[in-house]
Amino acid sequence: MGRLLSGRLKMAASGRLAMRMLSGCGWVRGSDPAVLSRLRDEAVVRPGFLSQAEEDTLTRELEPQLRRRRYDGRLAMRMLSGCGWVRGSDPAVLSRLRDEAVVRPGFLSQAEEDTLTRELEPQLRRRRYEYDHWDAAIHGFRETEKSRWSDASQAILHRVQEAAFGPDESLLSLVHVLDLEPQGYIKPHVDSVKFCGSTIAGLSLLSPSVMKLVHTQEPEQWLELLLEPGSLYILRGSARYDFSHEILRDEESFFGERHVPRGRRISVICRSLPEGMGSGRPGKPPPAS
Ligand SMILES: O=C(O)CCC(=O)C(=O)O
């Protein structure tokens with residue numbers, strides 16, 4: 001009896017092992033070991049064949065060509081989704097917010113990202129992470145507002161201004177810098193109209209994250225923005241006023257099915273002047289001291 005059981009256990013174990021061995025480490029499953037073995041060299045998956053940079057290269061090159069074509073419902077989701085960096089509850093919301101919730105991956109070169117990080121690091125390091133924001137909107141963060149920048153950073157901020165703000169929009173002269181620790185997150189909120197005009201533009205440094213937008217009146221309408229390091233996001237108009245935005249905590253940091261692990265993230269956020277405070281002239285980030 002004992003021997004019989006141990007024999008069956010051995011068989012079961014070797015059967016399971018065969019499945020695992022033949023299954024190519026988890027990327028191919030099959031009805032039985034024989035079919036897996038027979039098709040071993042004929043149905044092949046090479047995960048991670050592309051680096052992230054190569055994947056981005058192909059997507060960027062294909063996107064303009066695809067955009068000129070008509071598409072069916074499924075493709076519409078993908079097309080309207082802004083190259084895979086924006087997901088939405090439905091094609092209508094994606095289409096409506098196409099120019100109002102924008103992600104520009106790779107906006108910063110690695111050198112530019114390093115420039116900003118190096119410049120911000122000493123100032124941030126002097127502060128402690130906080131866990132109770134005055135309105136409890138942010139958890140695990142430190143922040144500063146910066147008005148003086150090196151020439152190199154100023155050039156980057158000018159590029160942000162050109163990319164995100166209209167010629168008649170004036171910017172707040174203080175740029176908001178927010179440092180979220182790996183466990184840090186920002187709860188859903190709409191920026192107060194007292195402190196911010198119709199456009200918010202943010203650079204993400206160091207760690208990827210997911211920003212979620214949810215319609216304040218119709219919560220079934222939502223967007224997810226995948227913010228990779230070096231990317232720029234822009235929220236304007238309806239995306240800024242009618243949708244709350246949040247940065248998801250690590251446990252909830254999913255872009256669709258994909259977990260986007262959170263590390264320490266620094267964001268550099270430019271805002272337009274609150275309505276009624278604009279001079280009508282574009283603001284310029286002040287020079288370095
Ligand atoms: O860190 C970010 O990019 C978002 C910041 C934010 O939600 C805010 O300051 O209102």
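Indexing begins at 1, ligand by ligand and atom by atom, following the structure's order. It should be emphasised that the depicted structure is a prediction, and the values quoted were computed from it without experimental measurement.
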Handout entry: Ser150 and Glu119 side chains, donor-acceptor separation under 3.5 Å
Key =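 Looking only at side-chain atoms, Ser150 and Glu119 do form a donor-acceptor pair, the distance falling under 3.5 Å.
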
Practice task
Output the set of protein residues with a heavy-atom contact under 4.0 Å to ligand 1, ordered first by chain identifier and then by residue number.
Solution key: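 Residues His176, Leu178, Ile186, His189, Asp191, Met211, Tyr233, His245, Arg265, Ser267, Ile269, Arg271 each place a heavy atom under 4.0 Å from ligand 1, listed by chain and number.
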
Exercise for the section: Hey, could you give me each pair passing salt bridge (Lys or Arg N to Asp or Glu O under 4.0 Å) that has a residue in residues 193-220? Not counting sequence neighbours. Expected result: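 Qualifying pairs: none.
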
Exercise for the section: Just grab all the salt bridge (Lys or Arg N to Asp or Glu O under 4.0 Å) pairs involving residues 263-274, residues at least two apart or on different chains. Expected result: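 Found Glu121-Arg264, Asp179-Arg264, Asp191-Arg271.
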
Practice task
Give the ring-plane orientation class for His139 versus Tyr131, where under 30° counts as parallel, over 60° as perpendicular and anything between as tilted.
Solution key: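 Rings of His139 and Tyr131: perpendicular, as their planes differ by over 60°.
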
Practice task
For Thr199, enumerate each residue passing the side-chain contact (heavy atoms from CB on, under 4.5 Å) test, keeping only those at least two apart in sequence or located in another chain.
Solution key: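 Checked Thr199 against side-chain contact (heavy atoms from CB on, under 4.5 Å); matches are Phe165, Glu169, Ile234, Arg236, Ser272.
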
Practice task
Start with the C-alpha gap between Glu112 and Arg159, add the side-chain angles, then the distance that decides, and say whether salt bridge (Lys or Arg N to Asp or Glu O under 4.0 Å) holds.
Solution key: CA-CA 11 Å; Glu112 288 175 319; Arg159 287 210 303 115; 2.9 Å; yes

